[in-house]
Amino acid sequence: TNLCLAQNTQFSLNADLTITSATWDFGDGSTSNDLTPVHTYANAGTYTVSVLAGTASGTSTKTRDVVISSIPTATKPSNVLVCDSNNDGFYSFNLTSQNAAILNGQDPNLFAINYFASASDYANKIPISTPTNYINTSVYQQQTIIAEVSSKANSDCKSTTSFEIDVFDLPKPASVI
């Protein structure tokens with residue numbers, strides 16, 4: 001089981017017999033005698049959970065590891081504004097140049113960043129396939145890029161931020177007549 005920090009974790013027993021009692025040890029110093037307890041872990045880590053379950057036929061102990069992953073922070077980076085060298089309105093952006101600002105000191109070995117070209121792409125889980133060479137979709141119009149930071153241990157543990165990209169005409173010197 002792999003869950004996110006600060007989420008309620010629901011525990012239950014699967015048994016062919018009727019469970020009459022349960023003593024849970026959540027591996028972090030907390031315990032419960034509920035048959036289906038809910039527990040929230042205070043720290044990320046791997047916890048060995050054990051339960052001593054009682055039935056009319058006797059007792060049995062089961063253990064299972066539960067991995068609790070940190071939820072990353074997605075820090076809003078600066079907008080990326082560029083001048084267009086050939087004045088066609090398009091530019092090849094390296095969105096990954098924003099990684100350090102978005103992670104803001106978090107370990108890049110623990111977290112992944114996906115970029116999305118629109119809110120619709122984010123909702124439909126369609127990331128930008130080449131964030132190192134992303135060409136804006138609209139000429140001379142601001143575009144919002146969504147950045148999603150997720151835990152590599154559990155991609156459900158994630159947060160988002162956004163920033164703007166924009167391409168501007170390169171100024172041309174005035175003609176002398």
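Heads up: numbering here begins at 1 and tracks the sequence. Note: hydrogens, waters and symmetry copies are ignored here, and every other heavy atom, side chains too, is used.
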| field | Stepwise side-chain hydrogen bond (donor to acceptor under 3.5 Å, both in side chains) test for D25 and T31 | value | CA-CA 5 Å; D25 179 341; T31 61; over 6 Å; no
| message | To the closest 0.5 Å, what do you measure between CG (N133) and OG (S92)? | response | 3.5 Å
| message | If I compare all heavy atoms of P131 with all of Y115, which pair ends up nearest, and what's the gap? | response | CB-CD1, 3.8 Å
| request: Verify whether one side chain among N94 and T132 offers a donor that lies under 3.5 Å from an acceptor in the other. | output: no
| Do V49 and V38 share a hydrophobic cluster, counting only Ile, Leu, Val, Met, Phe, Trp and Tyr and linking them when any side-chain heavy atoms are less than 4.5 Å apart? | no
| message | I'd like to check I128 versus L95 (side-chain heavy atoms, cut-off strictly below 4.5 Å). Are they in contact? | response | yes
| ILVMFWY clustering at 4.5 Å (side-chain atoms), partners of F168 | L81
| Linking I/L/V/M/F/W/Y whenever any side-chain heavy atoms sit under 4.5 Å apart, do V82 and I145 land together? | yes
| Does one hydrophobic cluster hold both I146 and L103, with members joined at side-chain heavy-atom distances below 4.5 Å? | no
| task | Quick one: closest heavy-atom pair of I19 and S21, and the distance? | result | CG2-O, 3.3 Å
| said: Would you call the rings of H39 and F26 parallel, tilted or perpendicular, taking 30° and 60° as the class edges? | reply: parallel
| Does Y140 use its side chain to pair, donor to acceptor, with the backbone of N87 at less than 3.5 Å? | yes
| Pairwise distance CG(N104) to CG(N99) - rounded to 0.5 angstrom | 12.5 Å
| query | Is it true that a side-chain atom of T61 and a backbone atom of L52 form a donor plus acceptor pair closer than 3.5 Å? | reply | no
| field | F90 atom CZ: more than 12 heavy-atom contacts under 6.0 Å | value | yes
| How far apart are the closest heavy atoms of N136 and G89, and which atoms are they? | ND2-O, 3.0 Å
| Distance-only side-chain donor-acceptor flag, Q143 / T137, under 3.5 Å | yes
| Should V51 and F11 count as side-chain neighbours, where that means a heavy-atom distance under 4.5 Å? | no
| message | Checking side-chain polar atoms at under 3.5 Å, does T46 have a donor or acceptor matched by the opposite partner on D65? | response | no
Sequence neighbours excluded and cut-off under 3.5 Å, please list the side-chain donor-acceptor pairs for residues 66-77, or say none.
{"unit_1": "S69", "atom_1": "OG", "unit_2": "N2", "atom_2": "OD1", "d": "3.2"}
{"unit_1": "K76", "atom_1": "NZ", "unit_2": "S162", "atom_2": "O", "d": "2.7"}

| query | Looking only at atom types and distance, does a side-chain atom of S118 sit under 3.5 Å from a main-chain N or O of D121, one as donor and one as acceptor? | reply | yes
| said: Rounded at 0.5 Å granularity, tell me how far CG in N79 sits from OG1 in T144. | reply: 8.5 Å
| message | Just verifying a value: how many Å separate D156 CG and C4 SG, rounded to the nearest 0.5 Å? | response | 6.0 Å
| request: Find out whether I165 and Y134 are in side-chain contact, i.e. whether some heavy atom of one side chain is under 4.5 Å from a heavy atom of the other. | output: yes
| field | Heavy-atom donor-acceptor pair, T55 side chain to G58 backbone, under 3.5 Å | value | yes
| What distance separates K62 NZ from N14 CG, expressed to the nearest 0.5 Å? | 11.0 Å
| task | Mark yes or no for whether Q106, through its side chain, and F111, through its backbone, hold a donor-acceptor pair below 3.5 Å. | result | no
| query | Mind checking whether Q10 and T36 have side chains closer than 4.5 Å, heavy atoms only? | reply | yes
| said: Test question: given the 4.5 Å side-chain rule for I, L, V, M, F, W and Y, name all other residues clustered with I126, or answer none. | reply: none
| K152 NZ: over 12 foreign heavy atoms closer than 6.0 Å | yes
| Less than 4.5 Å apart, any side-chain heavy atom of T160 and any of F116? | no
| query | Which heavy atom of T9 sits nearest a heavy atom of L3, and at what distance? | reply | CG2-CD1, 3.1 Å
| query | Under 3.5 Å, side chain of Q98 to main-chain N/O of S78, donor-acceptor pair present? | reply | yes
| message | As an exercise, state the distance from CG of L110 to SG of C157, rounded to the nearest 0.5 Å. | response | 12.0 Å
| query | What are the two closest heavy atoms between I102 and A147, and how far apart are they? | reply | CD1-CB, 3.6 Å
| For D34 against W24, the heavy-atom pair lying closest together | O-NE1, 2.9 Å
